[in-house]
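Values in this document were obtained by computation on a predicted structure and should not be read as measured data.
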Amino acid sequence: MLRECCLTMAKMNCSGCVGNITRVLQAFAGVDIMGTDLPTKTVQIRYDSERVQLAEIEQALANAKYPVASVSIAAKSV
């Protein structure tokens, strides 16, 4: 099932951070980046919950030194 969420990043301070976060997310099959917003430190993603779990995504970002501060799940899954 496809799900959408918005990740608020604790550390996303420059375009280099955005690039690094993008690379971490692109390593997952079943994750699509729908948008990033540096001023608000947010990343919107769509992911296939049958292929990858949100906890796995958060752990990979934390391992790369980009912890997730909060997650907002879309009210309606796709």
How long is the span from the CD1 atom in Ile33 to the CZ atom in Phe28, to the nearest 0.5 Å? 11.0 Å

Output the distance between atom CG (Asp37) and atom OG1 (Thr40), rounded to the nearest 0.5 Å. 3.5 Å

Does one side chain, of Asn20 or Tyr66, offer a donor that lies under 3.5 Å from an acceptor on the other? yes

Are Val43 and Ile21 side-chain neighbours, meaning at least one heavy-atom pair lies under 4.5 Å? yes

Quick one: pull up CE in Met9 and OG in Ser70 and give me the separation to the nearest 0.5 Å. 10.0 Å

Output, in order, the C-alpha distance, side-chain angles, deciding distance and verdict of side chain to side chain contact (heavy atoms under 4.5 Å, CB included) for Thr36 and Thr42. CA-CA 6 Å; Thr36 59; Thr42 57; over 6 Å; no

Do Asp32 and Asp48 have side-chain heavy atoms sitting under 4.5 Å apart? no

Nearest 0.5 Å, please: how far is CD1 in Ile73 from SG in Cys6? 10.0 Å

Which heavy atom in Gly30 sits nearest to a heavy atom in Val52, and how many Å separate them? O-CG1, 4.5 Å

Indicate the atoms forming the closest heavy-atom contact of Met12 with Leu38, along with that distance. O-CD1, 3.3 Å

Inspect the surroundings of NZ in Lys41 and state if more than 12 heavy atoms from other residues, nucleotides or ligands are less than 6.0 Å away. yes

Kindly write out the residues that satisfy side-chain hydrogen bond (donor to acceptor under 3.5 Å, both in side chains) with Glu58, not counting sequence neighbours, or none if the list is empty. none

Heavy-atom nearest pair, Cys5 first then Leu7, reads SG-CD2, 3.9 Å

Exam field: side chain Ser49 to backbone Met1, donor-acceptor pair closer than 3.5 Å: yes

Straight-line distance of Leu54 CG to Tyr47 OH, nearest 0.5 Å: 4.5 Å

What distance separates Gln53 CD from Glu56 CD, expressed to the nearest 0.5 Å? 6.0 Å

With a 4.5 Å cut-off on side-chain heavy atoms, are Met34 and Glu4 touching? yes

